[in-house]
Structure formats: structure tokens, C-alpha cells
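Report on the following structure.
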Amino acid sequence: MATLVRILRHTFRFPWQSGFSLIMAVACTVLVLVLPGITMQFIDVIIAKKRPDLIIPTAAIGIGAILVRQGIFTLRTYYNNSLEMKLTHLIRVELYDKLQRLPVKWFDSNSSGEIMSRVANDVPTTNRVIIEGVDQAIAAVLQFIIVMGYMFWHSWQLTLVTLIPLPFIAILTTWWSRRSEPMWRESSEATSALNAILHDNLSGIRQIKAYTVEPKALDTFDKASRKVGEKTMSVMRGQALVWPGVSFIAESGIILMVAFGAWSALQGQIQPGVVVSFLVAWGFLFDPISRINALAQTFTRGIVSAERVFKIIDTPDEINLTEGIRPEQMTGHVQFENVSFAYSDEAPTINSLTLEALPGQTIALVGATGAGKSTVLNLLTRFYEPTAGRILIDGIPLDGVSKEWLRDQLGYVTQESFLFNTTLRENLQLAKLNATDNEIWDALEAANAAGFVRASPDGLDTIAGERGSRFSGGEKQRLSIARALLKNPPLLLLDEATSALDNTTERLVQQALENLRSDRTCFVIAHRLSTVQKADRICVLHHGKLIEQGTHAELLELGGSYSKLCEASFVEK
Ligand code: ADP
């Protein structure tokens, strides 16, 4: 109920349109009485009292009224659809806005496919509650009351007999509505899971092909798809039983009504026209009831979808996203003081880390895979918050500053250089919204990327392809270095690519990186000897602990973990 009220509250944002829609629903409903009324007029007045002169005017009034009713119906359909589109847009944008304000941690436990399913499917289904659900439910209740009033007016005895099937129908549909709700929920969850698998598999299509695991992927998809079918079928099976049951009760009611009507007419209690008129009106009386099943289904599905949408909307925003301290300038003095962090309740990923970077220094993070190097960068960007200890920038504790400000000061070049499927210009302008083409070309030059961009037929207008598929690994890296250069941030976080590049490309990338590193504090996850040699300090991480730190020469002399790492991975360089 609370969810329903919440959905309805959205319609209040369009009070005129909602009000107008409701008025038209009432008008349409009142005009349903035309058909039974006219029928009765024909039988009891025109035929019984032999008044042929009334045939044409009565028919004309009838046709006119039906025309008006259908005209209003057209308007109502148009208005309702436009209201639904507006509401869908409103909630969809609200949901997307929310998604952007959720912490990175939230995305760890919610798959992209599932989220897409909520935005693409659940939002429209939610709004169907308003249009198909509320609007039609109100129209149905109104129609029921008006037609019943009309019937009572002509014969209360015949009306009571007509209503006999009603309680049975009510019991059956209420029971079914309750029973089908969890079924719809399961069906909806199965659809989300299917979408999640589809999204995951499409993202990893190259891996699937490269490892020739298509049959296994197909099997997973097949099972998930089958589950959607099974869950939906369990509802449909129920519908297949309930729906004819409702029709059986309702139609048996017609026989009962006509039988009692015939008996009353024979007794002379009512005119035969009343019975025929009841027969016509019956259609209008039971039309809302027959729609209850579909309506109940729309409601149930809509509420399930709305709950899923509202669950995201109610998730608390990332803290300090916009609010918090915004210092004038950042010099890039970074301190970690006894920082610990765990992704979950298990063992900490970062354990009492203390380290310092003076402005302009380059700190190289080295260590085996899983040692916690990326996590250190994730803590600096505040994608995650330390569970103990604190990080300071220019002496200011990080948890007090606005994340927007912090991220404005950061350049983050990740190993997987992500490009959006739009023009290179727009991809680069992410770093600086109004960057001119000249500025962009300068950044591309410094990143050793100008050559291949110039060689592309569309230059800066070249579309990068999904995830930047149009460009090679080395090219993408240089483009993302250019992006960071354009931003010109005081603090740079760099995850050096592990993928082997050919010597020429490697040299070009290294040069670009040097241009990028100059004059700013830089944390680099280092995989290459040349990088660590140039670093002011090398920090060796092992299971989230800082076990050694110093310059390349100092650490080699120490002969500890670093020198072993060097032998193992950097030595061939
Ligand atoms: P490195 O960069 O040194 O290879 P990471 O910082 O990426 O190491 O990871 C450190 C540990 O944290 C690993 O055991 C990894 O599995 C775990 N980890 C990384 N990211 C997440 C995450 N989003 N959720 C849970 N665990 C994670």
C-alpha cells in the first residue's frame, strides 16, 4: 500500500493532466448508459407504444452520444499515454541520477545487467500501475456504480439477482491476486538474472570466443532463460484456471438474470424492455469485473517493480559527494596514517599502512598481484573509505573534503583505459569540459598520440567504438594519458599497464607518462624497471602491509623482497 501511495504521489507532479484524465474517465463512464437506455426506449416506447416517428431521433441521439464517448476515449488515451511517458522519463532520470550518486561499493554487489533491467523494464512497469492500474480501476469502479444505479432505478429485485455472482468473483480474484504476487516477484527476479548474464556475456564475448566456452555460456543462458519461462508459466498456469473460472461464474449469472427477468415480465412486474436493457447493461457492469483480473496483474507486477526501483532510490548517497571542505588549491602532499581497509568482514586488504608523498614526488607501489596496490589508489579517490586510520591531503583529513573537489584534483589513468563509444573529442573533453581543439591537440602531442589520431580519417571526430575497441591497447593508454594531461591535476594516480607492448609503443607510452608525471605528486602501480628507477620512493606491499620502502638502489642493497621481485619480474628490462 505504501508503495502504491508513493507511485501515486508522482502523478501529483502533473496535477492538471492527471485531473483532466480523471474527468474524461468519468465522462466516458457516464456515457456507457446510452446503449441500454436507447435499447429500452426502442422496445418499451417505440415498439410497445407504436411510435415510428421516434425511430430516427432516438437513433440519432444514440449515435451522437456514442460518437462523443469514443471522441473522449481517444483524447483520454492520448493524454494517458503522454502522462505515462512523462512519468517514465521522470522516474528513469531520477533513478539514473541516483545511480551516479551511489558509492562504488554498491556496484560491487549489484550487477550491471540487473541495474539495466531496473532502468529499462521496472520503471515502465511501475508506471503502468498509474495508467492501466489507477486510471482504469477508477473508471471501472465508477462504471460499476453508475450502471448499478441505473439498474436499481429500473428494478431493484432484478438487480439483486444480477449481483449474486459478484461475491464469488471477488473472493476468487482477491485470493489469486495475493497468491500471484510472490510468483510475479520470482518471475521478475529471474528476468533480471537473465539480463545480468546477457550483459556479462556480451561484455566478455571476446573471452568466451577465445576460450571457446560458447557451449558453456549458452548453457548458462539457456538455464536462466528457461527459469524465466518456468517462473512466468507458474503464474500463467494459475491465470489459465482462474480466468475461465471468473467467466463461468459471471456468465452463469446472465442465465440467472434472464430467467428471473422473464419470470418477472410474465408476472407483469416489469416491461420486457427492462430485461433486454439489463442484458445490454450487464456487459457494462461485468466489463470492469472482467478487467479486474488484468488490473490485479498490472498492479501486482507494478508494485513488485516499483519496490525494486524505490529500493535503489532509497539507498543512501555516497557521503561527502558534494558537501565538505573545498580547499583553494592542492599541493599534493599525501599522508597515509595507520590506514586499514577491508572490502568485506574478512581479513583486511590494507593493514596499518603509513606512508607519505611530498608534493611533486613519485611513489611507486610494487608487490605481487592481490597485495593491495589498486586498493591504495581506490582509497585515495575515496571510492572506498578506510576502516581505520586516516588519509591526509595537504594536512587536511580526506574524510572531511568534498569528493567532487578531491576527484577534480585527481588524474586517474587506469590499466584498462576506458573510452566511451563517442568521438575522441568528447572522450578527451571528459577531463576538461570546454577544452578547445588546440588544447586537445597539445595534450595528444604530449601523450605521443597525435600521430595516430591525425592518421584516423575523422581525426578528433573518430568514434572510439564500444570500450574504445577501435584503438589498440597502446593507443588507448596514450589517449587516456592525453586525457589526464588535459586535466592537468596536482595529484596523479597511475596504474601502469601490465600488458606487453612492442618496444616502440612502450617507449612512446613511457615518454608520454614522463610528460604526465612531471611536477605533480604521482602514485604509480609500477610494473616496469624504468618506472621504479625514476621513482622518489618505492613502497613494497605484501598482503596489504608495507614491508619495505626506499629508492631502487637502497632497496636493492637491502636484498629483501624488492630485490627478489626485481629478479623475478623487472630483470629482463
Ligand atoms: P593489487 O592491485 O595489488 O593486485 P588489489 O588492491 O586489486 O591488489 O586487491 C587486493 C585484494 O582485495 C585482493 O585479494 C582482491 O581480491 C581484493 N579485492 C579487490 N577489489 C575488491 C572488491 N571490489 N571487492 C572485494 N574484494 C576486492
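Whatever order the structure lists them in is the order used to number ligands and atoms, beginning at 1.
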Is at least one protein non-hydrogen atom found at under 4.0 angstrom from atom 15 (C) of ligand 1?
-> no
Looking at atom 2 (O) of ligand 1, would you say a protein heavy atom lies below 4.0 Å from it?
-> yes
Just checking, is any N or O donor in the side chain of [X] or [Y] under 3.5 Å from an acceptor N or O on the other one?
X	Y	result
E189	S192	no
D394	T331	yes
N320	R382	yes
E548	H542	no

Under 4.0 angstrom from ligand 1, any heavy atom of A371?
-> yes
State if G544 counts as touching ligand 1 under the rule of any non-hydrogen atom under 4.0 Å.
-> no
Numbering as shown, the atoms of ligand 1 that approach [X] to under 4.0 Å (heavy-atom distance):
X	value
Y384	23 (N)
T369	4 (O)
A368	3 (O)
T349	10 (C), 11 (C), 12 (O)

So Y384 and Y343, would you call those rings parallel, tilted or perpendicular, with 30° and 60° as cut-offs?
-> perpendicular
Which protein heavy atom lies closest to [atom], and at what distance to 0.1 Å?
atom	value
atom 23 (N) of ligand 1	D108 OD2, 3.1 Å
atom 27 (C) of ligand 1	Y343 CD1, 3.2 Å
atom 4 (O) of ligand 1	G370 N, 2.7 Å

Begin with the C-alpha distance, continue with both residues' side-chain angles, and end with the deciding distance and a verdict on side chain to side chain donor-acceptor pair (under 3.5 Å) for T414 and D495.
-> CA-CA 5 Å; T414 50; D495 194 347; over 6 Å; no
Does NE2 belonging to H10 count more than 12 external heavy atoms closer than 6.0 Å?
-> yes
List the steps, then state whether side chain to side chain donor-acceptor pair (under 3.5 Å) holds for Q100 with Y96.
-> CA-CA 6 Å; Q100 293 200 136; Y96 178 77; 2.7 Å; yes
Any N or O on T375 sitting closer than 3.5 Å to an N or O of ligand 1?
-> yes
Nitrogen or oxygen atoms of G372 and ligand 1 under 3.5 Å apart = yes
Six-ring centre of W405, R326 cation under 6.0 angstrom, axis tolerance 45° | no
